[in-house]
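Working notes for the structure below.
Heads up: numbering here begins at 1 and tracks the sequence. Just so you know, these numbers come straight off a predicted model, no measurement behind them. Read the numbers this way: they start at 1 and go in the same order the structure lists the ligands and their atoms.
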Amino acid sequence: MVDLVLRSRRVLTGDDERPAAVAITGEKIVAVVGYQDPVEAGAEHDLGDTALLPGLVDTHVHVNEPGRTEWEGFATATRAAAAGGVTTIIDMPLNSLPPTVDAGALRVKQRAATGQIHIDVGFWGGVVPGNAGELTALHDAGVFGFKAFLADSGVPEFPPVSPAELTAALTAVDALFVVHAEDPAHLVTPAASTAYADFLASRPAAAEHAAIATAIDASRATGRRVHILHLSAAAALPLISAARAEGVRVTAETCPHYLTLDARHIPDGATEYKCCPPIRDAANADALWRALADGLITCVVSDHSPCTPELKRRDTGDFAAAWGGIASVQLGLPVIWTAARERGHRLGDVVEWMARRPADLVGLPAKGRIAPGADADLVAFDPEATFTVDPRRLHHRHPVTPYAGKVLHGVVRATWLRGRSVTAEEAGGRLLTREG
Ligand SMILES: [Zn+2]
């Protein structure tokens with residue numbers, strides 16, 4: 001006798017898809033059996049042709065609470081995530097106040113999240129100049145690894161580190177390091193302009209290439225794992241490929257906007273498209289898709305990074321002054337599925353990129369998969385249904401999105417977190433800490 005059985009003709013187990021029934025007791029999946037197999041259960045739902053996916057794991061989300069809660073907060077971000085089929089997020093260490101750069105700051109963040117999260121939430125720590133001595137205690141307190149910037153982060157309380165400081169941090173603690181890889185020597189301060197091309201020219205691919213080389217050097221020198229965040233410049237792919245071939249422990253992620261948006265089609269003044277590194281052209285996106293297909297890019301995460309509409313400067317449309325960040329935690333799954341299916345990928349590929357591999361990146365073996373022993377984090381997803389993106393239906397605090405009006409494939413019908421249906425009312429999420 002189990003608590004719940006979910007049946008579907010399209011259950012995503014591993015990277016493969018088959019008719020199956022998923023049996024759940026308490027918070028866990030206890031068995032995956034044939035679609036028609038009899039199972040004694042307290043409750044049962046047959047989803048028919050609606051697919052059953054593992055809940056997505058988004059390891060790159062900026063919640064901004066406490067301190068900049070007017071930009072985004074735990075309640076709104078996690079409600080948006082659940083509506084988008086995401087059941088685990090790992091929150092970035094900057095834009096909140098304090099930034100997560102010591103164990104005390106982590107406790108402040110955990111307290112702020114308590115009682116208002118609708119999905120499970122873990123935290124990254126941060127590397128800033130002068131905090132190398134804090135890293136071990138912060139790691140022991142449960143962060144999943146450490147983020148560093150090599151260029152200005154956009155907020156004064158989270159300054160970048162030099163290549164020497166990055167190497168010193170890697171030496172200080174045996175942890176996973178995630179790097180915002182743009183080299184300040186290749187960035188120029190853009191003049192005020194409503195033309196996207198002017199902003200794009202201020203952050204060339206060479207900036208990513210140079211910073212990724214720095215990160216690879218630091219990994220090679222110390223033997224630590226380094227993960228390149230939000231890779232935009234396909235020109236840097238051969239560098240990552242060569243380092244991996246040499247045995248350097250480097251991985252990379254990219255984001256829905258780099259894979260699906262085209263710099264040449266960004267309208268004047270449309271600052272909802274501004275992020276750093278920038279969205280580049282369609283040929284660049286094609287190369288990122290090839291790297292994803294080859295496994296050189298291991299995962300796709302949102303880099304959900306909202307702010308207030310005022311800071312997005314929609315009044316002037318000035319790309320130079322606007323905050324850089326795209327809010328997309330609710331839309332990543334349909335955005336990627338829509339583009340992936342057109343390119344001949346299967347739904348199983350999307351689950352691999354957006355659930356299993358991000359879970360593996362941060363060491364969460366019970367997340368991101370449908371298998372006995374895994375957490376019963378599940379999503380009913382109709383891959384054939386379409387919808388038009390209506391900003392009013394987004395749950396994040398400010399409904400600013402470059403995807404407004406786009407027609408997307410794939411509708412999230414329901415989300416379960418550890419065996420329970422996720423609702424807008426009940427904050428059933430849990431704080432996650434690094435295992436082991
Ligand atoms: Zn980010």
Side-chain angles (χ1 to χ4, degrees), residues 56-65 67-68 71-74 77 80-81 84 86 88-97 99-101 109 121-128 143-161 176-182 184 187 203 207-208 211-212 215 226-233 251-259 261 271-279 288 297-307 311-312 322-332 335 354 358 361-362 396-398 400-402:
L56 304 191
V57 177
D58 191 341
T59 53
H60 195 149
V61 174
H62 297 263
V63 175
N64 306 333
E65 183 173 6
R68 289 194 178 90
W71 293 15
E72 183 64 294
F74 284 106
V86 176
T88 302
I89 61 171
I90 310 294
D91 173 58
M92 280 295 170
L94 72 159
N95 303 346
S96 58
L97 295 166
T100 320
V101 294
K109 278 207 148 178
V121 177
F123 298 90
W124 293 106
V127 174
V128 292
V143 295
F144 286 84
F146 296 95
K147 180 180 196 177
F149 275 75
L150 294 171
D152 178 40
S153 74
V155 291
E157 69 280 358
F158 200 99
V161 290
L176 169 63
F177 287 82
V178 300
V179 178
H180 180 119
E182 288 183 289
L187 302 177
R203 305 187 90 96
E208 285 188 74
I212 290 169
V226 168
H227 178 74
I228 306 300
L229 298 166
H230 46 48
L231 178 72
S232 167
T251 52
E253 66 185 30
T254 191
C255 308
H257 35 277
Y258 302 125
L259 291 164
L261 301 175
T271 53
E272 64 272 26
Y273 288 80
K274 180 180 175 181
C275 58
C276 301
I279 294 161
L288 294 177
I297 294 174
T298 53
C299 48
V300 179
V301 294
S302 70
D303 193 9
H304 179 77
S305 185
C307 67
L311 288 173
K312 262 307 195 190
W323 172 257
I326 291 179
S328 66
V329 73
Q330 188 174 336
L331 295 172
V335 165
M354 303 185 81
L361 173 73
V362 294
H396 49 82
R397 191 176 302 285
H398 302 290
V400 176
T401 171

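- Listed by chain and number, the residues in a side-chain hydrogen bond (donor to acceptor under 3.5 Å, both in side chains) with Asp303 are His60, His62 (sequence neighbours excluded).
- Side-chain atoms of Lys312 come within 3.5 Å of backbone N or O of Lys274 as a donor-acceptor pair.
- Thr298 places a side-chain N or O within donor-acceptor distance of the main-chain N or O of Ala252, the cut-off being under 3.5 Å.
- Every residue two or more places apart in sequence or in another chain that forms a ring-ring contact (aromatic ring centres under 6.0 Å, His included) with Trp71 is listed here: Trp323.
- Protein nitrogen, oxygen and sulfur atoms, that is N, O or S, within less than 2.8 Å of the Zn ion (ligand 1) amount to 3.
- Between the Glu157 side chain and the Pro99 main chain, no donor and acceptor come within less than 3.5 Å of each other.
- Listed by chain and residue number, nothing satisfies the salt bridge (charged side-chain N to carboxylate O under 4.0 Å, His left out) test with Arg397 (two or more places apart in sequence, or in another chain).
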